[in-house]
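Read through the structure below, which is laid out as structure tokens, and then see the notes.
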Amino acid sequence: MPELPEVETMRRGIAAIAGSTIAAAVRLPCRRRPILIRPRPAMLARRLVGRTVAEVGRLGKRVVLRLDSGDHLVFEPRMTGLVLVADPPSVEHLRFRLDLAGGPIPSIWYWDRRGLGSVRLISDRQLAEQLGNGKLGPDALELSANELRARFANSRRAIKVALLDQRAVAGIGNLYASEILHLACVHPAKRCDLLSDRQWHAIHCCMLKVLNEAIRHEGSTLSDGTYRNALNQSGGYQSLHRVYDRAGQMCRQCQSTPIVRIVQAQRATFYCPLCQRKRSKGKSAST
Ligand SMILES: [Zn+2]
């Protein structure tokens, strides 16, 4: 968290700054663990002030402002970061502010409770090196079913673990991986190379469905309350979670089996043992 739907919601929340000019870039005094800001504040301000925001984009789980200088300002929220236009959840965790002129939004803030996120200004070349092909896969919303399959079909990894690999497909994290596989009726520990055509098709279709629906509901705000949209409001998708953080509760699909929690690659996975059966070798894998 935040994953593609939450970061896309942040992006949409500040999209109106496209066309605005940057009047100031300020690292805010914060007594908490400092976030990574690059380059250092004086150099950062020099390269930002007077520049126009050409485009408000997203790369995987990052909000990226493309500037008329060709530079890119990358906000990476990691665990607890937020990009806001108003009303921060707390003042003491505000880290960075961009003042803007000539548009409807006077300032945007970067807020981060745990401080694991970053704000970095990088050139076109650095963007290609750090977040280009080979480093970051195609966006989960822009990948075809065939491309998805081609990226994973020879892998012996469990599908749930593979979906978290940002070099293969960008944007899916721990929460939505469980949600997608439940909707697709695929067992999270099923090896990629053993999935059928039909299962790949289901995973692709459910990936788009879950992510787009979560964007429509402005993401998921979990019980810790950290994630907020750009106006400091909760997301709404958490009430629609099928399996995530529902261990022991009844599956909403079959209405007969409690959701189970397992650990895969040190991360919690939630699934329904009835709806997501792992067929034994030799039987049909077209669940
Ligand atoms: Zn079920």
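The structure displayed is predicted, hence computed values, not measured ones. All ligand and atom numbering here is 1-based and tracks the order in the structure. Here, residue 1 is the first one in the sequence, and each next residue gets the next number.
- Nearest heavy atoms, Ser69 versus Arg51: CB-NE, 3.4 Å.
- Put simply, His182 stays out of reach of the Zn ion (ligand 1), with no N, O or S atom under 2.8 Å from it.
- Taking every heavy atom of both residues into account, Val49 and Ala25 meet most closely at CG2-N, 4.3 Å.
- Closest of all the heavy-atom pairs between Cys275 and Gln253 is SG-NE2, 3.7 Å.
- One finds an angle of 110° at the Zn ion (ligand 1) between SG on Cys275 and SG on Cys251, to the nearest 10 degrees.
- With the Zn ion (ligand 1) at the apex, Cys254 SG and Cys272 SG define an angle of roughly 110° (rounded to 10 degrees).
- Taking CG of Leu82 as the start and CD1 of Ile108 as the end, the distance is 12.5 Å to the nearest 0.5 Å.
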